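The shown structure was predicted, so the numbers you read here are calculated from the model rather than taken from an experiment. Every chain is numbered from 1 and lettered A, B, ... according to where its sequence line falls, protein lines coming before strand lines.
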2 protein chains.
Amino acid sequence: MVHCTPSLDRSFAALSDVTRRGILEQLGRADASISSLAEHFHMTLTGMKKHVVVLEQAGLVTTQKVGRVRNCRLGVQRLEAEAQWIDAYRKLFEARFEALDGIIEEMKQEEAHGTANEQSPDGAKRDDD
Amino acid sequence: MVHCTPSLDRSFAALSDVTRRGILEQLGRADASISSLAEHFHMTLTGMKKHVVVLEQAGLVTTQKVGRVRNCRLGVQRLEAEAQWIDAYRKLFEARFEALDGIIEEMKQEEAHGTANEQSPDGAKRDDD
DNA sequence: ATAATACTGAACCATATGGTTCACTGTACC
DNA sequence: GGTACAGTGAACCATATGGTTCAGTATTAT
């Protein structure tokens with residue numbers, strides 16, 4: 001599992017906001033100015049600018065100011081590392097649960113041999129909390 | 001592109017912290033108590049507890065208190081929706097850039113026909129900022 | 001030249017985050 | 001019964017986030 005920490009931090013954080021994910025979807029359809037985005041998401045220009053800055057810092061959006069309008073478009077960040085991280089996690093997840101299945105299988109075997117411990121042999125309380 | 005907003009918000013936010021991603025990797029290897037995690041990440045019990053709560057709320061971890069120790073393990077959240085979102089985004093990204101390639105192609109054609117506008121025909125300044 | 005547009009920056013606000021310490025509860029061990 | 005251990009909860013702190021308003025600046029249109 002690869003660690004490009006600061007980048008992953010930034011991009012996952014950028015993706016953790018509905019509005020920003022919406023902006024990305026919007027820019028997937030067409031480039032847009034700050035004001036058109038602001039209007040679309042019912043937000044002030046300043047508010048939208050901040051979101052765009054966050055997305056820009058995460059590399060998900062690039063902008064270029066032409067005259068008085070700043071044009072926003074999808075950036076270089078293809079979310080490759082992010083997709084990879086999630087994928088690695090999911091594999092790890094599966095592996096872990098296969099391992100657990102193995103343990104359960106073992107326990108069943110032991111039980112069949114009459115060596116199984118009854119649950120909570122030490123009387124510890126099991127709370128879900 | 002599907003919108004399960006609150007869930008995506010929570011899980012992406014949960015993933016946006018190095019320590020929390022580390023915890024997930026750790027739990028992928030073996031279940032662990034709060035204190036063992038706290039020690040491993042050089043953090044107070046209380047601090048670790050908070051991270052675990054965040055992961056729990058995102059469904060990435062489940063815990064069960066047995067006696068005085070709380071056992072943490074990977075939760076039900078397999079990051080399916082998250083993987084899907086990222087995947088959809090990447091497709092959209094590719095599509096968008098193919099479209100741009102198409103436009104560039106068009107422009108080249110026009111240029112070949114002598115109908116191309118020179119850049120900035122209106123004299124607008126192009127700033128990168 | 002004036003007015004409208006599009007953005008920018010500073011200041012402000014409420015709330016969240018990531019961490020701590022300290023006091024406390026419940027469990028385990030001798 | 002007493003002590004150590006594992007966790008919990010409240011309070012605190014600094015900083016970040018997501019938003020606003022208001023006062024500019026630069027660009028475009030009339």
Between protein and nucleotides 11-24 of chain C, map the contacts as a letter string: B base, S sugar-phosphate only, - none, heavy atoms under 4.0 Å, written 5' to 3'. -------SBBBB--
Under 4.0 angstrom between [X] side-chain N/O and [N] OP1 or OP2:
X	N	answer
A/R70	C/dT8	yes
A/K49	C/dC7	no
A/S35	C/dC7	yes

For [X], what residues pass the side chain to side chain donor-acceptor pair (under 3.5 Å) criterion, not counting sequence neighbours?
X	value
A/K50	none
B/R29	B/Q26
B/R20	B/H51
B/S36	B/S33

Length of the line joining [X]:[atom1] and [N]:[atom2], which is rounded to integer Å:
X	N	atom1	atom2	answer
A/Q64	C/dC7	CD	C1'	15 Å
B/I34	D/dG7	CD1	P	6 Å
B/K65	D/dA6	NZ	P	12 Å

For B/A38, enumerate each residue passing the side chain to side chain contact (heavy atoms under 4.5 Å, CB included) test, keeping only those at least two apart in sequence or located in another chain. B/L45, B/M48
Look at the side chain of A/R68 against the base of C/dC7 and say whether a donor-acceptor pair falls under 3.5 Å; ignore hydrogens and angles. no
Does the A/R73 side chain pair with the main chain of A/T62, one donor and one acceptor, at a distance under 3.5 Å? no
